[in-house]
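Model, not experiment: these values are computed from the prediction.
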Amino acid sequence: MSHPDPTRLKILAPPPRMWLDMLLLGFAIQTISPIRLFSTTYSHIVLGSCIFALSAAFARWAFVVMRKMGTTANPDKPSEALTTSGPFRFSRNPAYVAMTGLYMALCFIGNAGWPLILLGPLLLIMYWGVIRKEENYLSEKFGQSYLVYKSEVRRWL
């Protein structure tokens, strides 16, 4: 089986950049036409802070496991190992799950509806512009091992 060149992956954009750009766009729209998610109580800050902490820990766990496996989260570099342990037992994309949680947490902390509304389109863009391409790359690179893993572990949670 040939190992594909990572430059052929040609994802739409680096995933963290996509989350950040959509979040900034949402907050820009929010300043023009606010949509509040919560009443004036501060429960949204507590909720958002809890989600933020959990998501940050989940992301850290994923990156630590990838580093221990000798591979990278950088889509511009080749995957050196198929990571299936740690948070990868629950999700094929734990870093993307974590970024989604961080994004939602910031929406809650900022009590901002517009960025939350833009999360749906962001996830669709991620699916079509990144995830499908990554899955095809991993299928080519790791063959049957990845296909078995893919059949046993959900994409998100």
A side-chain contact here means heavy atoms from C-beta on lying under 4.5 Å apart; do [X] and [Y] qualify?
X: Met22; Y: Tyr103; result: yes
X: Trp19; Y: Leu24; result: no
X: Lys141; Y: Pro78; result: yes
X: Phe108; Y: Ile51; result: yes
X: Leu138; Y: Tyr149; result: no
X: Ile109; Y: His44; result: no
X: Trp114; Y: Cys107; result: no
X: Ile35; Y: Gln30; result: yes

State plainly whether one hydrophobic cluster holds both [X] and [Y], where clusters connect Ile, Leu, Val, Met, Phe, Trp and Tyr through side-chain heavy atoms under 4.5 angstrom apart.
X: Val148; Y: Phe88; answer: no
X: Met66; Y: Val64; answer: no
X: Leu147; Y: Ile131; answer: no
X: Leu54; Y: Met99; answer: no
X: Leu106; Y: Ile117; answer: yes

*asked:* Check whether Ser55 reaches the backbone of Phe52 with its side chain - one donor and one acceptor, N or O, closer than 3.5 Å.
replied: no

*With a cut-off of 6.0 Å (strictly less than), are more than 12 heavy atoms of other residues, nucleotides or ligands near CZ of Arg155?*
yes

*For Arg36, does the CZ atom have more than 12 heavy-atom neighbours from other residues, nucleotides or ligands under 6.0 Å away?*
yes

To check you understand the geometry: which heavy-atom pair defines the closest contact between [X] and [Y], and what is its length?
X: Ser39; Y: Asn111; result: O-ND2, 4.0 Å
X: Ala105; Y: Gly48; result: CB-O, 3.2 Å
X: Leu157; Y: Ser91; result: CD2-CB, 4.1 Å
X: Pro87; Y: Pro94; result: CB-CB, 3.8 Å
X: Met104; Y: Leu119; result: CG-CD2, 3.6 Å
X: Ser79; Y: Phe142; result: O-CZ, 3.8 Å

*Worked verdict on Met18 versus Leu122 for side chain to side chain contact (heavy atoms under 4.5 Å, CB included)*: CA-CA 8 Å; Met18 293 171 69; Leu122 170 62; 4.1 Å; yes

*Test log, rule side chain to side chain contact (heavy atoms under 4.5 Å, CB included), inputs Thr100 and Leu123*: CA-CA 9 Å; Thr100 302; Leu123 294 176; 3.8 Å; yes

*Take Arg89 and Thr84 through the test side chain to side chain contact (heavy atoms under 4.5 Å, CB included) and record every step on the way to the result.*
CA-CA 6 Å; Arg89 291 176 294 160; Thr84 61; over 6 Å; no

Measuring from atom [atom1] of [X] to atom [atom2] of [Y], what distance do you get when rounded to the nearest 0.5 angstrom?
X: Asn136; Y: Arg132; atom1: CG; atom2: CZ; value: 6.5 Å
X: Met126; Y: Leu12; atom1: CE; atom2: CG; value: 9.0 Å
X: Glu134; Y: Ile11; atom1: CD; atom2: CD1; value: 6.0 Å
X: Ser151; Y: Tyr146; atom1: OG; atom2: OH; value: 10.5 Å
X: Ser85; Y: Met69; atom1: OG; atom2: CE; value: 6.0 Å

*What pairs meet the salt bridge (charged side-chain N to carboxylate O under 4.0 Å, His left out) rule with one or both residues in residues 91-107, with sequence neighbours excluded?*
Arg92-Glu135

_Is the ring pair Phe90/Trp61 parallel, tilted or perpendicular, if the boundaries are 30 and 60 degrees?_
tilted

*Start with the C-alpha distance between Leu118 and Ile29, add both sets of side-chain angles, then the distance that settles side chain to side chain contact (heavy atoms under 4.5 Å, CB included), and finish with yes or no.*
CA-CA 10 Å; Leu118 295 178; Ile29 297 169; 4.2 Å; yes

